Amino acid sequence: MLFHHTPQLRARPGKWPLFVILAFACAGARGETARAQDARLQEVYVGMGLPKPPYIMESGTAGLDYDIAKQALAAGGYKLVGQMLPQTRALAMLRAGQLDGMLSTTEGIGGQDYFTDAYIVYQNVATTLTSRNLKLRQIEDLSNYSVAAFQNASMVLGERFSLVVSGHSDYRELPSQITQNKLLFTGGSMWWSETA
């Protein structure tokens, strides 16, 4: 794996070194011998966020994020043990030493964590119903509407977005994009989503 700041990957008794797993170098296909070694790999506890198909599937054991991370960690001798958690809770658990890493997190969260190179790049967009006929030309236009975004959006979407939503009276961050969809289709808000 490639890290911007290379942490020492020496195991401590019962604990893997603390770092944020932002992204993994794609590990490629593994043979039967490597699969047989899975049972001997050192476990790494990773917060994955709530289901967001196709990135994290409902089962919590499949999806683009999960599969890439699992293979990359296995190539380094580690076994992914995923825990589906809201991003804010996963970040708090990571900082408290209760998790070894986190998927799909950017350096915008701050802190002294270690990030790998990106493996999925999200294109963040504002979405609204065409029947509302809204014209959005810049981020500042969001201040006129009810907005629901993914958790930690105000930290990771840049300074302009953060300034717009910091004083916004009808801005919410939600852990589940399904809830965002329900709000959108019931006319409750516009939502800011991420797609790869």
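Note that the coordinates shown come from a computational prediction; the quantities given were computed from them, not determined experimentally.
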Could you tell me which residues satisfy side chain to side chain contact (heavy atoms under 4.5 Å, CB included) with [X], sequence neighbours excluded, listed by chain and number?
X	answer
Pro53	Met57
Asp141	Leu136, Arg137, Gln138
Pro175	Leu50, Pro86, Gln151

Checklist entry - Judged by atom type as modelled, is there a donor-acceptor pair below 3.5 Å linking the side chain of Asp100 to the main-chain atoms of Val46? => result no

Next on the checklist: Looking at Leu142, is its backbone amide N or carbonyl O close enough to the side chain of His168 to form a donor-acceptor pair, meaning the two atoms are under 3.5 Å apart?
Outcome noted: yes

Side chain to side chain donor-acceptor pair (under 3.5 Å) against [X], all qualifying residues, sequence neighbours excluded:
X	result
Thr179	none
Ser59	Thr61
Tyr171	Glu173

I want to check something: taking the side chain as every heavy atom from C-beta on, are [X] and [Y] in contact at a cut-off of under 4.5 Å?
X	Y	answer
Asn124	Val156	no
Ile56	Leu103	yes
Met155	Leu157	no
Leu174	Leu183	yes

[X] [atom1] to [Y] [atom2] distance, which is reported to the nearest 0.5 Å:
X	Y	atom1	atom2	answer
Thr130	Asn133	OG1	CG	8.5 Å
Lys52	Met84	NZ	CE	13.0 Å
Thr186	Leu184	OG1	CG	8.0 Å
Leu99	Tyr45	CG	OH	10.5 Å
Gln42	Lys79	CD	NZ	12.5 Å
Gln98	Arg89	CD	CZ	11.0 Å

Item to check | Nearest non-hydrogen partners of Ala149 and Phe161, listed with the distance | outcome: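 Nearest pair, atom of Ala149 first, then Phe161: CB-CZ, 4.5 Å.
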
Checklist entry - Considering all heavy atoms of both residues, which atom of Leu80 and which atom of Ala69 are nearest to each other, and what is their separation? => result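 Minimum heavy-atom contact is CD2-CB, 4.4 Å.
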
Checklist entry - What about Leu163 and Val147, same hydrophobic cluster or not, with Ile/Leu/Val/Met/Phe/Trp/Tyr joined at side-chain heavy-atom distances under 4.5 Å? => result no

Checklist entry - Passes side chain to side chain contact (heavy atoms under 4.5 Å, CB included), Gln87 versus Phe150? Steps please. => result CA-CA 9 Å; Gln87 287 281 3; Phe150 58 89; over 6 Å; no

Item to check | Audit row: Leu129, Phe185, side chain to side chain contact (heavy atoms under 4.5 Å, CB included) steps and yes/no | outcome: CA-CA 8 Å; Leu129 299 176; Phe185 290 115; 3.8 Å; yes

Checklist entry - Can you list every pair that meets salt bridge (Lys or Arg N to Asp or Glu O under 4.0 Å) and has a residue in residues 142-162, with sequence neighbours left out? => result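 For residues 142-162, and leaving out neighbouring residues, the salt bridge (Lys or Arg N to Asp or Glu O under 4.0 Å) pairs sorted by first residue read Glu140-Arg160.
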
Checklist entry - Passes side chain to side chain contact (heavy atoms under 4.5 Å, CB included), Asn152 versus Thr88? Steps please. => result CA-CA 7 Å; Asn152 297 326; Thr88 300; 3.4 Å; yes

